[in-house]
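Remember, it's a predicted structure, so these values are computed and weren't measured experimentally. For the numbers below, each heavy atom of this structure counts, side chains included, while hydrogens, waters and symmetry mates do not. Whatever order the structure lists them in is the order used to number ligands and atoms, beginning at 1.
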Amino acid sequence: MNIQKAAGTFFRVLGVSLLRKSYPLLVNIRVTNRCNHECIYCNVPHRQCDELSESEIYSVIDMIEHQCVFINLYGGEPLVRNDIGNIIDYISKKNGIFLSLSSNGTLVPDRISELEKLNLLLLSLDGPPAVHDKHKGQGSYDHVMKAIACARARNIPVVVMTAISRYNIRHFDHILEKAREMDFNVVFQPVISGAQDNSEAYPPIEEFHALVARMIKTKEPRLSSMSKKTLQYYLKWPHHVEDEIDCLVERISCFLDADGSLFPCTSLCDIDYGSNIRREPVNSIRPCGINRAFRNLSKTHCNQCWAVDSVEINKNPFLLSALKRLILKKV
Ligand SMILES: C[S@@+](CC[C@H](N)C(=O)[O-])C[C@H]1O[C@@H](n2cnc3c(N)ncnc32)[C@H](O)[C@@H]1O
């Protein structure tokens, strides 16, 4: 990150923290809804749409590059896009943007050379073979293991994301064992509803709390990408429902859907916020395109939160620790 961008970021963080301003510092781009898996808890592949083209994604990147410090490419499965290597390449040439991509791993070995410019590869691992495959489809455990090995062999940092359900909650230690053996960090979040009814898969709350309590007690080093405050939040989740969360996520980040619509948070993607970058002029006076769509987003009114990245941001309200980790690439 050059000095100009670092200074701009510093003042934006101050603006967010002290003056309650909003900037899209962290942008998640759902590059496709298409997926080569059918996970039991995910409804994204059922939301077919006319997805953003490569050049539309480039114009989004051009519009946010001065203020954005973090981009995550996710889906669906981002690697089903033939042009994903070009998109990674394009973003990696921009100044001071930490780039990550979320994948189920299946196509990672075939496309590993296109992923080398990532700062972080987020892979989903939900347990030992039988439970992982129950979540994500026959044979998917072997694929994600190959993906982890392949990425680590090329020195690409890997963080594994585990969705905790009633089926894998007793198998979390398997993931930690693999993390020690193969050198990656782990973050987890409870399985919770997408739009489809997947309530059968929800983890039993007492067992979920017991797992979190054990992780806090053992100070599990492989969970160091989750702050203690986040773990303590999950220790009570979702019982301590507040009236309304004063949500920082909506002020510093946004989620761009595959069809160009914008929403404030991953858990709110089925609500129409009436904000779509395709409807915003891109060549007029600023703010334009995604920046204007971002300003048009209305406030969320959540009273609890389950998504680990959002909890992490809200539990580190001055952003400094989160940004420090992002900027110093300490994942
Ligand atoms: C939507 S997926 C997209 C990236 C990629 N296809 C993958 O499988 O990792 C990103 C992450 O969200 C998690 N996820 C999806 N639906 C979820 C739900 N209903 N509850 C909790 N986590 C969920 C997945 O387990 C995965 O780790």
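Ranked by closest heavy atom to atom 4 (C) of ligand 1, the top entry among P78, G76, S124, S165 is G76. Distances from atom 15 (C) of ligand 1 to the heavy atoms of Y41, W306, F188 put Y41 nearest.
Inclusion of C39 in the set of residues having an N or O under 3.5 Å from an N or O of ligand 1 is not warranted. Polar contact check, G75 against ligand 1: no nitrogen or oxygen pair lies under 3.5 Å apart. Any N or O atom pair closer than 3.5 Å counts here, and Q189 shares at least one such pair with ligand 1.
Ring geometry for Y41 versus H135: interplanar angle over 60°, hence perpendicular rather than tilted (30 to 60°). Between Y234 and F208, the ring-plane angle classifies as perpendicular under the 30° and 60° cut-offs.
Taking the charged nitrogens against the carboxylate oxygens, D259 and R30 have no contact shorter than 4.0 Å, which rules out a salt bridge. Using a 4.0 Å cut-off between a side-chain N of Lys or Arg and a carboxylate O of Asp or Glu, D89 and K93 qualify as a salt bridge. Salt bridge absent: K178 and D183 never bring a charged side-chain N and a carboxylate O closer than 4.0 Å. One finds a salt bridge joining D246 and R20 here, because a Lys/Arg side-chain nitrogen approaches an Asp/Glu carboxylate oxygen to under 4.0 Å. Under the 4.0 Å criterion applied to side-chain N and carboxylate O atoms, R180 and E220 are assigned as salt-bridge partners.
If you look at P190 next to ligand 1, the close heavy atoms, those under 4.0 Å, all belong to the backbone.
Within the listing of ligand 1, atoms 27 (O) sit less than 4.0 angstrom from a heavy atom of M161. Those atoms of ligand 1 with a heavy atom of S103 less than 4.0 angstrom away are 5 (C), 7 (C), 9 (O). Of all atoms in ligand 1, listed by their number and element, those nearer than 4.0 Å to a heavy atom of E77 are 5 (C), 6 (N). Distances below 4.0 Å separate heavy atoms of A163 from the following atoms of ligand 1: 22 (N), 25 (O). With ligand atoms numbered from 1 in the order given, ligand 1 contributes 8 (O), 25 (O) to contacts under 4.0 Å with heavy atoms of K136. Close approach to V191 involves these atoms of ligand 1, each under 4.0 Å from a residue heavy atom: 20 (N), 21 (C).
Note on ligand 1: V44 sits outside its first shell, no heavy atom being nearer than 4.0 Å. Using a 4.0 angstrom heavy-atom cutoff, H37 does not count as in contact with ligand 1.
Partner of L73 under the side-chain contact (heavy atoms from CB on, under 4.5 Å) criterion, out of L79, L122, I57, I87: I87 alone.
Ring centers of Y141 and H174: under 6.0 Å apart, within the cut-off.
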